[in-house]
**Student:** 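Okay, here's the structure, questions in a sec.
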Amino acid sequence: MLPPRKRIVTIDGPSGGGKSTVSRALAAKLHFTYLDTGAMYRAVAHQCRKQGMTAEESPRLAELLASLQMELLPPLPGGDDVRVVVNGVEIGPELRTPEMGMLASQFSALPMVRATLTRLQQEIGEGGRIVAEGRDTGTVVFPDAAWKFFLDASAEIRAQRRAAQLRRKGESVDEQALLAQIIKRDKDDRERSLAPLRAAADAIVLDSTETPADAVVERMHAHILATSCCREE
Ligand code: DC
């Protein structure tokens with residue numbers, strides 16, 4: 001018999017693998033709260049850039065993190081993205097640009113940043129009933145989560161999907177540049193020494209290259225229903 005685990009679902013994986021779509025849909029199906037940990041790293045990167053900081057540990061960064069007040073709000077009606085309010089001010093659409101993703105990846109390698117955000121995420125998840133998506137939610141943030149998934153897909157399909165997503169928002173996209181960015185960001189996220197992107201030993205690895213998001217959600221949901229009797233705390 002497995003030891004009881006927290007009623008938390010973790011979905012980790014590289015950028016653009018469909019994690020956000022799948023996590024949001026799964027959270028809605030389960031009536032759990034969706035926790036977008038990437039948005040939190042993006043928000044920190046945004047604040048640091050606003051203050052002219054580069055991705056290095058410094059007393060100024062420590063100060064910024066110590067006074068950080070972060071609130072996650074559900075998407076606006078018709079919208080997709082979780083909104084982030086930092087120190088009382090909502091960050092606009094610049095939070096979701098590929099450039100902010102790259103910057104978030106750089107700041108996310110800093111121990112001070114990871115310690116602060118991991119603690120915040122654990123506080124949010126304390127009561128369970130969340131679907132958390134990110135890079136290390138199954139390995140570091142919620143190692144005792146009841147259900148862990150790792151969602152992968154080829155870099156090419158991930159670039160295509162991200163390009164389509166940006167075009168839907170009315171942005172012009174250079175798909176080759178996007179592919180190069182995705183490959184670089186994943187390499188950096190996988191190779192960093194602290195909380196690198198990888199599947200937890202007890203995660204179910206799924207590949208969404210050829211599988212539509214709704215089928216991935218169905219698989220996850222079926223697995224959760226089939227195992228919830230012996231996994232839930
Ligand atoms: O999921 P995303 O693209 O919004 O994430 C932006 C960056 O934040 C990602 O490249 C690495 C970092 N990140 C992280 O290090 N750990 C997480 N749990 C989530 C994101």
Side-chain angles (χ1 to χ4, degrees), residues 8-24 27 34-49 55 57 65 68 70 72 75 79-84 86 91-125 130-143 145 148-153 155 158-159 161-163 165-166 169 171 178-200 203 208 213:
I8 290 177
V9 182
T10 62
I11 304 182
D12 291 308
S15 52
K19 290 192 310 287
S20 303
T21 311
V22 163
S23 305
R24 263 196 305 267
Y34 164 51
L35 174 60
D36 178 358
T37 63
M40 299 171 80
Y41 285 95
R42 285 170 182 260
V44 165
H46 180 267
Q47 285 306 103
C48 292
R49 190 181 64 178
E57 302 225 303
L65 293 168
L68 189 72
M70 194 183 291
L72 301 181
D80 272 345
D81 296 324
V82 162
R83 292 170 296 142
V84 185
V86 174
I91 305 176
E94 67 268 30
L95 190 70
R96 300 293 173 173
T97 61
E99 292 67 35
M100 199 57 72
M102 294 298 280
L103 204 60
S105 175
Q106 291 169 22
F107 277 96
S108 73
L110 304 178
M112 275 181 187
V113 173
R114 296 214 76 82
T116 303
L117 293 189
T118 299
R119 184 177 43 73
L120 270 176
Q121 291 155 14
Q122 288 171 339
E123 279 169 19
I124 295 169
I130 66 161
V131 175
E133 72 144 292
R135 305 293 185 289
D136 64 338
T137 63
T139 50
V140 174
V141 186
F142 301 117
K148 299 182 185 179
F149 300 96
F150 189 87
L151 193 56
D152 213 340
R158 290 188 285 122
R161 285 181 191 157
R162 186 48 65 91
Q165 209 177 40
L166 291 168
K169 291 183 184 174
E171 290 171 35
L178 201 60
L179 175 62
Q181 269 186 356
I182 278 181
I183 291 171
K184 157 98 175 90
R185 181 140 72 99
D186 290 346
K187 184 172 180 298
D188 291 348
D189 290 348
R190 282 181 204 276
E191 292 180 357
R192 67 177 178 225
S193 52
L194 205 56
L197 165 64
R198 64 176 174 78
S208 75

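Start at 1 and go down the list; that is how both ligands and their atoms are numbered. For the single chain, residues carry numbers from 1 onward in sequence order.
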**Student:** Side chains of Arg162 and Gln165 only: does a donor on one sit below 3.5 Å from an acceptor on the other?
**Tutor:**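 Arg162 vs Gln165: donor-acceptor pair found between side chains.
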**Student:** Is Ser15 in polar range of ligand 1, meaning some N or O pair under 3.5 Å apart?
**Tutor:** no
**Student:** Examine Asp136 against ligand 1 and note whether any of their N/O atoms are separated by less than 3.5 Å.
**Tutor:** yes
**Student:** Report the residues that fulfil side chain to side chain donor-acceptor pair (under 3.5 Å) with Arg185, sequence neighbours left out, ordered by chain and then residue number.
**Tutor:**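 Arg185 satisfies side chain to side chain donor-acceptor pair (under 3.5 Å) with no other residue.
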**Student:** For Asp189, is at least one N or O under 3.5 Å away from an N or O on ligand 1?
**Tutor:** yes
**Student:** Any side-chain donor paired with an acceptor under 3.5 Å for Arg161 and Ser208?
**Tutor:** yes
**Student:** Which heavy atom of Val113 sits nearest a heavy atom of Glu57, and at what distance?
**Tutor:** N-OE2, 4.5 Å
**Student:** Mind checking whether Arg114 has an N or O less than 3.5 Å away from an N or O of ligand 1?
**Tutor:**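 Such a contact does occur with ligand 1.
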**Student:** Any idea which part of Arg162 is under 4.0 Å from ligand 1, heavy-atom wise: side chain, backbone, both or neither?
**Tutor:** neither
**Student:** How far is atom 8 (O) of ligand 1 from its nearest protein heavy atom, and which residue and atom name does that atom have?
**Tutor:**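 The protein heavy atom lying closest is Tyr41 CB, 3.5 Å.
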**Student:** Below 4.0 angstrom from a heavy atom of Ala104, which ligand 1 atoms are there? Numbered from 1 as shown, please.
**Tutor:**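 Under 4.0 Å from Ala104, ligand 1 has these atoms: 6 (C), 7 (C), 8 (O).
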**Student:** Which residue from Arg96, Arg185, Gln106, Arg42 reaches closest to atom 7 (C) of ligand 1 through any of its heavy atoms?
**Tutor:**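 Ranked by closest heavy atom to atom 7 (C) of ligand 1, first place is Arg185.
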**Student:** By number and element, which atoms of ligand 1 are closer than 4.0 Å to a non-hydrogen atom of Ser108?
**Tutor:**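 Listed by number with element: 11 (C), 12 (C), 15 (O).
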**Student:** Report the nearest protein non-hydrogen atom to atom 19 (C) of ligand 1: residue, atom name, distance rounded to 0.1 Å.
**Tutor:**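 Checked against all protein heavy atoms, atom 19 (C) of ligand 1 sits closest to Thr37 OG1, 3.4 Å.
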**Student:** Would you confirm whether Thr118, through its side chain, and Ala115, through its main-chain N or O, come within 3.5 Å as a donor-acceptor pair?
**Tutor:** no
**Student:** Can you see which heavy atom on Ser105 is nearest to which on Asp189, and at what distance?
**Tutor:** OG-OD1, 2.7 Å
**Student:** Answer yes if the side chains of Ser108 and Arg192 hold a donor-acceptor pair under 3.5 Å, and no otherwise.
**Tutor:**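 Result is yes, a qualifying pair exists.
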**Student:** Indicate the atoms forming the closest heavy-atom contact of Val141 with Gln121, along with that distance.
**Tutor:** CG2-OE1, 3.3 Å
**Student:** Suppose we measure from atom 5 (O) of ligand 1 to each protein heavy atom; which comes out shortest, and what is that distance?
**Tutor:**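 So the nearest neighbour among protein heavy atoms is Arg135 NH2, 3.5 Å.
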